[in-house]
**Student:** 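This is the structure, below, for whatever I ask next.
Per chain, numbering begins at 1; letters A, B, ... match sequence-line order. Just so it is clear, the structure is predicted and the values come from calculations on it, not from any experiment.
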Amino acid sequence: MRKCYFDHVATNPLHPEVLNAMMPYFNEDFGNPLSVYDLGMRARDAIEKARTEVASLINAKPSTIVFTASGAEANNFALRGIAIAKQSQGKHVIVSKVEHHSILNSARFLEKSGFTVTYLPVDKHGIVDPDVIKNSITKETILISVAHASSEIGSIEPIKEIAVIAKERNIIFHTDAVATTGNIPVDVKELGVDLLSMAAHQFYGPKGAGALYVREGLRIVPLIYGGIQEGGRRAGTENVPAIVGMGKAAELAKNEMGDRMQHCRKLRDRIVESVLKIPNVYLTGHPANNLNKRLPHHASFVVEFIEGEAMLLMLAMKGIYAASGSACSSRALKSSPVLLSLGIPSALAQGSIVFSLGMDNTEEDVDYFINEFPQIINRLREMSPFAKGWGEAGEGEKCYTG
Amino acid sequence: MKFVHDVKADLTADIVYMMCPMHLLKLDEMIKRLEKGQVLEILTDYDGALEDIPQWCEKTGNEFIGMDEDEDYYKFYVRKTVQ
């Protein structure tokens, strides 16, 4: 049976060249980067090379990159680290409602620790309105965090505009760029952000490697205390193979980005076109096929009358791997807070499904998918009481107008 | 401890919130960038620096000018007196 991996926002396979680059650091070059002898020095040099490659991917100086163990750690580090460092100036933080759990739960932790948090609403495409941010800012605001793009709905946020607003008011601005870094151009100077989170496994690097860009001269309180790794900002013996892998993946992503985007976008467009032909299926996130508005490898939908998990299982039986929104909500069988914040009714949000393409996918994969998916929806709808008019809306009747 | 105010520094090392012993490593690194007679300013919130930095000066023969306090961190001033 054909295997179609359409869940690249969950994680990506490791690029073979990345694995090759990592191998020596599992074997002969196992030294601790802080050791003074040659083994340590080789590990240290490898980390510094990776730092240069990751910095180059986002147009930053190497000294501004702090390696972490994940994108989630980078997000936690940014929110807590800046909030604590700046608390003498104010205790108000702004985040959007379509953030990843690593931002939302960090924000909740800050609330419990005496900070006030504003959760920004979004429009029906999941986009934050810069004017709403302006109105949410108070004299106490010290930090704003808005994701570059949501991996659940693929919409890209107006980061540049928000950065200007934050800068004018001397507020620190962080963006969670885990979904974008290595997939679309990310340039910290152009975006104007103070901090930016990324994760290696989102661009064919290994799991267990992430990084936080911290603008030069910005003070941040560490999340993990210990030794002087990462310039005294993040303790713990470095995961040398993973960091080396992240560096190699960054180098490859930079060189191949144009081709990868074009490849994925073509396949994605075919998926969107075919899926929207099925009755009572709606695109979620921004409808524009435009790099400023939507991730080029991302297609997300809500399918009326049936449930996302059921679709996932039936797709998996056909060798097609997809997601029903964020991994966390999916496992908890909870309506996605991101979809609810777009104004999608709770019942319809249950029918959420996300396809994300990668360079390993082919036209044949998409042909196979286009043939199988409508059949799966039909079979599930035949079983669904809601499709027979027992629900809020009858068959063929629209309960959501997108 | 000698307290000083409005010392003009030629170079500043901002290591506020960075972990110990970054203050000593930064001292070693930054002092190399200065000419003899120039002044290095170190900003840190680490209490151990109150002992470590004057001791480092004694050990290396550089002049410890003194310290100042900001709201939530210390400022130390060191003059490079040895090449």
**Student:** Quick check on B:Y46 against chain A: is it the side chain, the backbone, both or neither that has a heavy atom closer than 4.5 Å?
**Tutor:** neither

**Student:** Is the closest basic N to carboxylate O distance between A:R44 and A:E48 below 4.0 Å?
**Tutor:** no

**Student:** Where is the tightest heavy-atom contact between A:V188 and A:N59, given as atom of each residue plus distance?
**Tutor:** CG2-O, 3.6 Å

**Student:** Relative to chain A, which segment of B:D45 carries a heavy atom at a distance below 4.5 Å: side chain, backbone, both, or neither?
**Tutor:** neither

**Student:** Tell me if a side-chain donor or acceptor on A:Y213 pairs with a main-chain N or O of A:S197 at a distance below 3.5 Å.
**Tutor:** no

**Student:** Step through the shown structure and confirm whether more than 12 heavy atoms of other residues, nucleotides or ligands are within 6.0 Å of CD on A:E28.
**Tutor:** yes

**Student:** Are there over 12 heavy-atom neighbours, none belonging to A:E168, within less than 6.0 Å of that residue's CD?
**Tutor:** yes

**Student:** Heavy-atom pairs under 4.5 Å with chain B are the metric here; pick the option from A:G81, A:A85, A:S88 that has the most.
**Tutor:** A:A85

**Student:** Output the residues of residues 231-238 of chain A for which the shortest heavy-atom distance to chain B is under 4.5 Å, in residue-number order; output 'none' if no such residue exists.
**Tutor:** A:G231, A:G232, A:R233, A:R234, A:A235

**Student:** Examine A:R42 relative to A:F30 and say whether NZ or CZ is less than 6.0 Å from the centre of the six-membered ring and inside a 45° cone about the ring axis.
**Tutor:** no

**Student:** So which part of B:I15 gets closer than 4.5 Å to some heavy atom of chain A, the side chain, the backbone, both or neither?
**Tutor:** neither

**Student:** To check you understand the geometry: which heavy-atom pair defines the closest contact between A:F77 and A:P222, and what is its length?
**Tutor:** CE1-CA, 3.8 Å

**Student:** Non-hydrogen atoms of chain B under 4.5 Å away: do they reach the side chain of A:L218, the backbone, both or neither?
**Tutor:** neither

**Student:** Does any N or O in the side chain of A:D194 come within less than 3.5 Å of the main-chain N or O of A:F173, such that one atom is a donor and the other an acceptor?
**Tutor:** yes

